[in-house]
Amino acid sequence: STSIKQALTLGLMQAGITVGGFLTSLWVISDKVSIPIGGHDYSWTGWLAQATLAYAIFGTGLVHKVGQKLPAMLRRQQKYEADFEFGMARIRENSQSITAFRGENAEKAALKEKYVPVYDNWLEIIKRRKLMGWFQSYYGEAADLFPFLVLGMSVAAGDMSYGTMVQGRIALGNVQRGLSWVANAYDFLANQKATADRLTTFTAAIEKSNRDLAYNNRTEELPPPAPR
């Protein structure tokens, strides 16, 4: 729908503006920070920005690894719920016939059979979302600690003021959040993909049915073969 497209567009625009606005500051601060390894200080132009980009790509890849099954699970959930709702509607429409022929137990068993996959699949979705939420939480916390670990060493060595460290932490955090928009919005995107796949399948089935109907109509309109 229009509101969903607007939400996606605004989210991407906000992420892009955030990254663009703070990336320059992070790039400049990178020249003031070095990494002490084995008694030597290592630094190169824009390394903080590059490290943040690598961290965001790594985190987004892991989020996708954890949640890549979620769209298919949500699509199955929609199918199972639709089957269950159709079964309830059919019972409501034929309640008098079911009562007259004493088919309550059979219909109850059939409805229960349709509900089992709804329940089981929903539990799997909850477990998958719980795992994703756990990972996203630790991913975000690690991103908040990273600036202090990297920039704190420069402050302790006297190469950077505390104010510059705070500026770098703000810039790094905003760039990381902007680059991690997909990871943070993965559940929302998975829901939209499941809905889109369901509608695409439904549209394809309707188009196939229309083609078959048109073909059958043309076949019926053909004149009979001439006698020999």
Side-chain angles (χ1 to χ4, degrees), residues 1-27 29-30 46-82 117-151 166-204:
S1 63
T2 304
S3 59
I4 295 175
K5 291 180 180 179
Q6 290 176 349
L8 290 173
T9 303
L10 289 175
L12 286 172
M13 288 180 60
Q14 184 178 5
I17 292 172
T18 300
V19 172
F22 288 94
L23 191 61
T24 303
S25 299
L26 196 61
W27 198 277
I29 294 173
S30 297
W47 75 270
L48 265 177
Q50 297 167 16
T52 305
L53 177 62
Y55 178 79
I57 293 175
F58 175 74
T60 302
L62 286 182
V63 169
H64 177 65
K65 183 70 174 178
V66 174
Q68 62 182 342
K69 295 182 179 179
L70 189 58
M73 295 168 68
L74 292 170
R75 188 167 62 250
R76 287 197 301 269
Q77 187 68 20
Q78 293 176 358
K79 177 181 180 298
Y80 295 150
E81 290 178 356
V118 174
Y119 179 81
D120 292 342
N121 192 69
W122 183 245
L123 285 182
E124 293 300 321
I125 291 174
I126 291 175
K127 292 177 183 178
R128 183 66 55 173
R129 282 176 168 167
K130 181 180 179 180
L131 182 62
M132 282 185 57
W134 176 84
F135 177 79
Q136 288 172 328
S137 175
Y138 279 92
Y139 170 68
E141 292 297 329
D144 290 336
L145 290 176
F146 179 70
F148 289 106
L149 294 175
V150 176
L151 303 179
V166 173
Q167 180 185 2
R169 177 188 176 279
I170 294 173
L172 195 150
N174 280 279
V175 170
Q176 186 271 333
R177 278 190 292 272
L179 293 173
S180 301
W181 180 83
V182 173
N184 295 330
Y186 198 90
D187 192 12
F188 173 77
L189 296 174
N191 270 294
Q192 301 310 312
K193 184 180 186 303
T195 303
D197 290 344
R198 182 77 172 162
L199 292 175
T200 301
T201 304
F202 180 67
T203 302

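Keep in mind that the numbers below use all heavy atoms, side chains included, and drop hydrogens, waters and symmetry copies.
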Sorted by chain and number, sequence neighbours left out, salt bridge (Lys or Arg N to Asp or Glu O under 4.0 Å) with Arg198 holds for none
Across all chains, not counting sequence neighbours, the salt bridge (Lys or Arg N to Asp or Glu O under 4.0 Å) partners of Arg75 are Asp197
For Phe135 and Leu62 the tightest heavy-atom approach is CZ-CB, 3.3 Å
Minimal heavy-atom distance between Ala194 and Pro71, with the atoms involved, is CB-O, 3.4 Å
d(Asp187 CG, Leu74 CG) to nearest 0.5 Å is 7.0 Å
Only distances under 3.5 Å count here; give the side-chain donor-acceptor pairs of residues 119-127 to other protein atoms, sequence neighbours excluded, each with its distance to 0.1 Å.
{"from": "Asn121", "atom 1": "ND2", "to": "Met73", "atom 2": "O", "distance (Å)": "2.9"}
{"from": "Asn121", "atom 1": "ND2", "to": "Gln77", "atom 2": "OE1", "distance (Å)": "2.8"}

Using only atom types and a distance under 3.5 Å, with no angle test, would you say the side chain of Thr195 pairs donor to acceptor with the backbone of Asn191?
yes
Under 3.5 Å, is there a donor-acceptor pair between the side chain of Arg129 and the main chain of Gly67?
no
- Leu189 versus Trp181: any side-chain heavy-atom pair under 4.5 Å? yes
Rounded to the nearest 0.5 Å, the NZ atom of Lys65 sits from the OG1 atom of Thr60 at a distance of 15.5 Å
Should we count CD of Gln68 as having more than 12 external heavy atoms under 6.0 Å?
-> yes
In terms of heavy-atom contacts, does CZ of Phe188 have more than 12 from other residues, nucleotides or ligands at under 6.0 Å?
yes
